[in-house]
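This report refers to the structure that appears directly beneath it.
Naming convention: chains lettered A, B, ... in sequence-line order (proteins, then strands); numbering from 1 in each chain.
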Amino acid sequence: MSDFPDDMPFFEDPAAPRATGGSVAPGGIAARALKARGATGPNYLQGLNPEQRLAVETTEGPLLVLAGAGTGKTRVLTTRIAHILSLGLAYPSQILAVTFTNKAAREMKERIGVLVGGAVEGMPWLGTFHSIGVKILRRHAELAGLRSDFTILDTDDVIRLIKQLIQAEGLDDKRWPARTFANMIDGWKNKGLGPSEIPEGDARSFANGKGRQLYQAYQDRLKTLNACDFGDLLCHPIRILRANPDILREYNARFKYILVDEYQDTNTAQYMWLRLLAQRPSFPLAGKVPAERADGGGDVAPHPAPPPPGPAGHPPRKGEGSSVNICCVGDDDQSIYGWRGAEVDNILRFDKDFPGAAVVRLERNYRSTAHILGAASHLIAHNEGRLGKTLFTEAPNPDDGKVNVHAAWDSEEEARAVGETIEQAQRKGHLLNNMAILVRASFQMREFEDRFVTLGLNYRVVGGPRFYERLEIRDAMAYFRVVAQPADDLAFERIVNTPKRGLGEAAIRQVHDYARARDIPMLAAATDLVQTEELKPKPRSALKEVVDNFNRWHSLLDSKPHTELAEMILDESGYTAMWQNDRTAEAPGRLENLKELIRSMEEYESLRSFLEHVALVMDAEQNEELDAVNIMTLHSAKGLEFETVFLPGWEEGLFPHQRSLDEGGRSGLEEERRLAYVGLTRAKKNLHIWFVSNRRIHGLWQSTIPSRFLEELPEAHVEVAETGNSYGGYGQSRFDRAADPFQNSYSTPGWQRAQANRSEATRSNWGSRSGANVERIGYGEADSGFGAGRGSVKGRMIDGELVAKSVSDTPSAFKPGDRVFHTKFGNGNVASIDGNKLTIDFDRAGQKRVLDSFVQKV
DNA sequence: ACTCTGCTTCTTTTT
DNA sequence: GAAGCAGAGT
């Protein structure tokens, strides 16, 4: 089957839309004419400002769009594609549009669909770098030594594999952690380096100088497993395109227009990948299928070619084809993936890579208030080496509030206060969906979750613990993988003895060794072994059953509907039964998840296509219906916007993160600052920044000092909030006295815990700044007479707050005595009901008040 | 073979 | 504070 779907003309009547074909040189006559024409263009162009419109209509030649936060970047990208299609400049299948995240790809697809209708479906080359990489790699897998049904390993698999290799080398996997090496490999692949190309120093720095050898061994192993990792999805295509000019030419001829989102985040490998694909064919491609590809996939122009670029197109230069229609959109101020190998440099030198590039700046911000914009601009101005943009809004509103900075004693109070603010806003009629808490590191989320659970406040963790990373899902997937790809040893090893079948280390080791010795997959090895006397009778019969099962399931792969087959696999393997017999609190939830897994398979046509989807799109769709507060990391917030944004944890060591400072030095700090900038610019109307004086790191309490970023905010746009329960007026130095214990109520849990932990406060390496600050707590004279234990304090306050906010009057579906399950607290009995809030006696967690939507009857 | 316990380390961010 | 691991115990 061809991976190049049929090219579908976008318009029924190809003559109609072509009249306006062609391109516009920036500032040229055509551009001015277009401007003069104003709103008379096609209606999708209406409502664009002049810069946006220029970016949309400059279709020919290289173009860099520097789009500040909230300036309508996505709109430009999608409208540009619609424009290209409606002018008939290319077929949908001739446009390559790359994004970084699945989310961005999905959104782009949706929005193009709105503009252009069903034609989006004809855009097979809209996707993430990785998904497009797979697509290319599947077509030419054999050139990378793979079969086209190769498996894509996720990070977990990779680490397990590397661990095996390290142990096989006789190295101490404590001293040389697999995780570290996985990161190194990832780093190399981000630079497009194979085992033979890595710097000598890198190679020597790991595993007693065996780094290179180990990398090579890893690649070899991947090949025999018929698998690749995320990095390979970029590197293999690069190597294939380089080594096979004819294939490269095929793609070059195919992609008439290339669009790249978030260009500032491209790493070296992605850059090389783009450079290759963005080449123009140096001579016209004969309209023929290259000899070695008989499947028709190489035929790039099965239909009459679309019209050539109009008269204003750049004339072809001597010795090469016409110039490249590549459009990169990005914002150097939002480059936050340096740690993943992103090279801001790529965007900074765009015009050198693509000579004659036009540059359009989008600086008109449609998102945020003037105060928020002012704060963000002032902060980011502390960075050097920017391309420099000045965001402005055309609709300043004198009623807009300033950016609020709040202090809290500890992270628990922070969570409590944020929760309170959210509830207040909710009472005023604001939707929870319009609010977001953006944290620097995911461990910060917990405290908010805990708090919101006790408050009965709906929340959703975006990009959080992902569905497909859960234990039971990974196990189930491992079964499916072995059935679909019997050579998938990693999956096989994962589940041979899950549920327990009496196949211990010894037995598995034998299968493993036999497989390695013969260079065959483990399942095949097991098939051989069970016919011999090598294994003891018990493991032997257990293994035989496994082998027989897999053979049977495999034989049903094409005949049985895949959802039925999947259910059958889980049942017959005893996996479902394993959880049914499990009496722990998680078991019901896990069974529920397995059902959900089967349900989600229905959308796919086969087990194989489902597996591919999971490998790439490791995120589950969120329930948008439910009104809930959004909790996510700053990184995953990029590209989103919310009415109200909370930014907790602005403390030295956490934000900026100590590790960024240690490893990245100055540029590390600048990246953190850009992250702060991203956070600030997510907010449309209200922005609340928080910092605390005490935070628990690695389980012990540490004193912290406010982030330097706070001092970098402009006074004029910032207001230091004096909320009722907050501590400390700000005197001389705005933030230093934030945590004056003498204005505290001594009964806060944080205070008590600080007391309790005072003696054992051995400060670890959490940065000299916070370390030096330890003694500033200075509560030596306070003795420990503030009786109330943590539980009672918490209980009392919760009651007070909850009484005040029981609003729901819909009759509850629960009644006292009901047996229920809660994903966090486990099983319990309903004690009493208050609107939509339940008091439940949990078997393990004790009495808790929770929202009814968080529990289910069992 | 499996399970329990105490020890360690770790927590940046993602395809 | 949790997850992962080694070693001991069943």
Side-chain angles (χ1 to χ4, degrees), chain A residues 98-105 127-134 152-156 158-160 163 172-174 177-180 182-183 186 189-190 228-235 262 265-267 269-270 335-342 438-447 450 462-464 466 468-469 471 497-509 536 538-539 542 614-619 632-638 649 653-664 668 671-672 674-676 678-679 695-701 753 757 764-766:
Chain A
V98 241
T99 64
F100 272 81
T101 62
N102 297 303
K103 198 163 60 178
T128 62
F129 276 99
H130 295 270
S131 67
I132 291 169
V134 185
I152 301 161
L153 302 183
D154 63 28
T155 321
D156 238 61
V158 168
I159 288 173
R160 282 192 299 142
K163 188 163 202 168
D172 179 8
D173 63 335
K174 272 258 140 77
R179 181 147 209 117
T180 312
N183 284 333
D186 203 48
K189 290 190 175 173
N190 283 338
C228 55
D229 61 19
F230 279 120
D232 285 340
L233 299 182
L234 298 172
C235 291
E262 307 281 16
D265 288 335
T266 45
N267 62 37
Q270 285 157 338
S335 153
I336 53 176
Y337 285 107
W339 53 274
R340 218 176 92 188
L438 312 182
V439 297
R440 173 67 245 264
S442 34
F443 74 85
Q444 291 172 264
M445 293 179 180
R446 255 199 60 167
E447 228 137 1
D450 286 351
V462 178
R466 295 175 224 191
Y468 293 112
E469 282 169 14
L471 175 84
N497 200 31
T498 311
K500 300 270 179 291
R501 301 185 173 97
L503 293 166
E505 215 203 300
I508 295 167
R509 164 114 277 133
K536 296 202 183 100
K538 244 198 214 152
V614 172
L616 279 175
V617 190
M618 290 279 284
D619 59 0
M632 68 191 91
T633 63
L634 285 162
H635 282 87
S636 42
K638 191 161 75 159
L654 177 58
F655 194 33
H657 199 282
Q658 191 60 43
R659 231 167 113 176
S660 293
L661 302 180
D662 292 346
E663 287 168 13
E671 181 155 317
E672 292 286 298
R674 290 193 291 268
L675 199 50
V678 167
R695 190 174 288 280
R696 186 164 43 190
I697 311 292
H698 299 345
L700 46 92
W701 284 90
R753 231 124 10 111
N757 287 289
S764 63
N765 51 357
W766 238 64

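Taking A:D172 as the reference, A:K174, A:R175 meet the side chain to side chain contact (heavy atoms under 4.5 Å, CB included) condition, with sequence neighbours excluded. Among residues two or more places apart in sequence or in another chain, the side chain to side chain contact (heavy atoms under 4.5 Å, CB included) test is passed with A:A441 by A:F443, A:Q444, A:L654. Qualifying side chain to side chain contact (heavy atoms under 4.5 Å, CB included) partners for A:P177, counting only residues two or more places apart in sequence or in other chains: A:T180. Partners of A:T99 by side chain to side chain contact (heavy atoms under 4.5 Å, CB included), not counting sequence neighbours, listed by chain and number: A:A104, A:A105, A:M108, A:T128, A:D261. When the salt bridge (charged side-chain N to carboxylate O under 4.0 Å, His left out) test is applied to A:R160, the partners found at least two apart in sequence or on another chain are A:D157.
Comparing atom distances between the A:K500 side chain and each of B:dT13, C:dG1, B:dT3 picks out B:dT3 as nearest. Between C:dG1, B:dA1, B:dC2, one nucleotide has an atom nearer to the side chain of A:R696 than all others, and that is C:dG1. The side chain of A:F230 has B:dT15 as its nearest neighbour among B:dT15, B:dT11, C:dG1. Among C:dG1, B:dT14, B:dT11, the nucleotide with an atom closest to any side-chain atom of A:T633 is B:dT14. Proximity note for A:H657 (side chain, C-beta onward) versus B:dA1, B:dT11, C:dA2: the nearest is B:dT11.
Applying the 4.0 Å criterion to OP1 and OP2 of B:dT13, one finds that A:S636 has every side-chain N and O outside that range.
Atom CZ of A:F443 and atom C1' of C:dG1 are 12 Å apart (whole Å). Here B:dC2 presents its C1' atom at 12 Å from CD of A:E505, a figure rounded to the nearest Å.
Comparing A:G504 and A:N190 along DNA chain B, the residue whose closest nucleotide (by nearest heavy atom) sits nearer the 5' end is A:G504.
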N/O-N/O pairs, protein side and nucleotides 3-10 of chain C side, under 3.5 Å:
residue	atom	partner	partner atom	Å
C:dC5	OP1	A:K163	NZ	2.8

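Among A:L234, A:D232, A:V98, A:I152, the single residue meeting the side-chain contact (heavy atoms from CB on, under 4.5 Å) criterion with A:H130 is A:L234.
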